[in-house]
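Scroll down for the structure; my scribbles are underneath it.
Numbered from 1 within each chain, the chains take letters A, B, ... in sequence-line order.
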2 protein chains.
Amino acid sequence: MRLSASQSRLATRGAACTNAPLGRPRDESINTEVVAAVLQVLKTRGYRAVTIEGIARRVRTARTSLYRRWPSKRHLVAYAVVSEMGASPAADTGALREELEAAVRTLLRAFSGPLGHALPGLVADMAQDPELAATIREEVLAARRNSMRDAFARAMAREEIRKDLDIELLLDMLTGPFYYRALFGHAPITARMTLDTVKYIIRIASRR
Amino acid sequence: MRLSASQSRLATRGAACTNAPLGRPRDESINTEVVAAVLQVLKTRGYRAVTIEGIARRVRTARTSLYRRWPSKRHLVAYAVVSEMGASPAADTGALREELEAAVRTLLRAFSGPLGHALPGLVADMAQDPELAATIREEVLAARRNSMRDAFARAMAREEIRKDLDIELLLDMLTGPFYYRALFGHAPITARMTLDTVKYIIRIASRR
DNA sequence: ACGTTCCGCTACATAGCGTAGCGTATCTGC
DNA sequence: GCAGATACGCTACGCTATGTAGCGGAACGT
């Protein structure tokens, strides 16, 4: 997180880039209030309901002030989501099952929060803005994947699991079902599901 | 497939419902040409590029003629996609691995065609139109899932696989990774991946 | 004081959606 | 035939949302 608006793509103008801030400084409270407003709207009324106009009204500022910071709605939403979704914990407990369950549980929670409601619209925007897609992948997905990848690596080092595994595919089989269900809604995402998914993944990975 | 526009939601007016068609009949060629145009645009320029105006121009007709058939762009796209994606083959070959591989291969192909480019936008629209979501789930997803579910059921009857399986979850673990990769683009969808996915799923399901 | 930048505002241009109404064409039933 | 019903193609409109331009004033550095 801590993704500067100008970092992800290029804010309207410099600002926060130059290390010698010149002129009137930006009102940082606007920044945080906007993010809060976006997350609020995302959670309660979904992605489509997020409009620059609407957010500006909630924060009692002007649309133009938002455009000074984020070049478009996509970037605003991406910034808000990235600010909210930090890296996942991924403690090293020494037990693969525990670690995977913990990691997957964060997914379960995430899909109940703003991210769950942002996901469909976010995916659509990613499809037409490769730069945005890269940002989301790196800032939101990669952190989660890294922690799980490490968990597999540790288990492999302990010789708990087979060595001939396609870890990337395992990660997709572990988390793909959550995204799949969240996006298409053909089945609910439950605590039971998280346990069973991990159980099956371990069955794939365990030696013989 | 063969989803009537009026069936999925409710076309502008009756038409094709009454078995005694009164008045000037609809020009069916418009229907097929529109679907072709939508799929063409989907494949070449993505979901966002599909506009009622643009499609009407391609088919040399008027926007209003399209609105007479489909209540909104969502329904138009859904109709086009559903028309294109028929039920999957799902032959009964007696070998679970073969059947799953065949089923998953259709996914691999589908994501290279119009559906692949329609998916992100379609998902976004589904999120804000439950009725559309239900239609897509039933007409596009359910057919594929049914054939795979049947394959598992047959294998279970042959006592090839364990009986204590959550088949719905297995289906999600089998196909979820494809949707996941198609939507987020963090990894490519390859033939190798289809084989490995099936291999892992069978490892989960096999007895002992 | 001065330059620079942000803020809040109004105004504007653009795109796309979806609706309404008109004259015309095409079909069915009497 | 003729009347009724419907589709077609067209123009016109209203709406929402995006994104841009320019202005006076406020807040900061030097």
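- Side-chain N/O atoms of Arg144(B) and Thr106(B) include a donor and acceptor closer than 3.5 Å.
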Sequence neighbours left out, cut at 3.5 Å: what donor-acceptor pairs do the side chains of residues 31-44 of chain B make with other protein atoms?
| unit_1 | atom_1 | unit_2 | atom_2 | d |
| --- | --- | --- | --- | --- |
| Asn31(B) | OD1 | Tyr79(B) | OH | 3.1 |
| Thr32(B) | OG1 | Ser29(B) | O | 3.0 |
| Thr44(B) | OG1 | Gln40(B) | O | 2.9 |

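- With sequence neighbours excluded, the residues that form a salt bridge (Lys or Arg N to Asp or Glu O under 4.0 Å) with Arg162(B) are Asp164(B).
- A straight line from CZ of Arg57(B) to C1' of dC17(C) spans 15 Å, rounded to a whole angstrom.
- Arg57(A) meets the salt bridge (Lys or Arg N to Asp or Glu O under 4.0 Å) test with Glu53(A); sequence neighbours excluded.
- For residues 23-44 of chain A, the set of pairs meeting the ring-ring contact (aromatic ring centres under 6.0 Å, His included) definition, not counting sequence neighbours, is empty.
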Output a table of nitrogen or oxygen pairs between the protein and nucleotides 26-30 of chain D separated by less than 3.5 Å.
| unit_1 | atom_1 | unit_2 | atom_2 | d |
| --- | --- | --- | --- | --- |
| dA26(D) | N3 | Arg24(A) | NH1 | 3.1 |

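- One atom, CD of Glu33(B), and another, P of dC8(D), lie 12 Å apart when rounded to the nearest Å.
- Atom-to-atom, CZ of Arg48(A) to P of dC15(D) comes out at 18 Å; the value is rounded to the nearest Å.
- The separation between Glu28(B) atom CD and dC27(C) atom P is 13 Å, rounded to whole Å.
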Scoring nucleotides 9-14 of chain D by protein non-hydrogen atoms under 4.0 Å (B base, S sugar-phosphate only, - none) yields BBBB--
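- Between Arg145(A) and Asp172(A) there is a salt bridge, since a side-chain N of the basic residue sits under 4.0 Å from a carboxylate O of the acidic one.
- To the nearest angstrom, P of dT4(C) lies 17 Å from CZ of Arg26(A).
- The salt bridge (Lys or Arg N to Asp or Glu O under 4.0 Å) check on Arg58(A) picks up nothing, with sequence neighbours excluded.
- Ile52(A) places its CD1 atom 16 Å from the C1' atom of dG8(C), with the value rounded to the nearest Å.
- We find that NE2 of His75(B) is positioned 14 Å from P of dC17(C), with the value rounded to whole Å.
- Shown here are the salt bridge (Lys or Arg N to Asp or Glu O under 4.0 Å) partners of Arg149(B), two or more places apart in sequence or in another chain: Glu168(B).
- As rounded to whole Å, 10 Å separates atom P of dG8(C) from atom CG of Leu66(A).
- The ring-ring contact (aromatic ring centres under 6.0 Å, His included) analysis of residues 102-126 of chain A, with sequence neighbours excluded, yields the pairs Phe111(A)-Tyr179(A).
- Listed pair Arg69(B) / dC8(D) meets the phosphate criterion, a side-chain N or O lying under 4.0 Å from OP1 or OP2.
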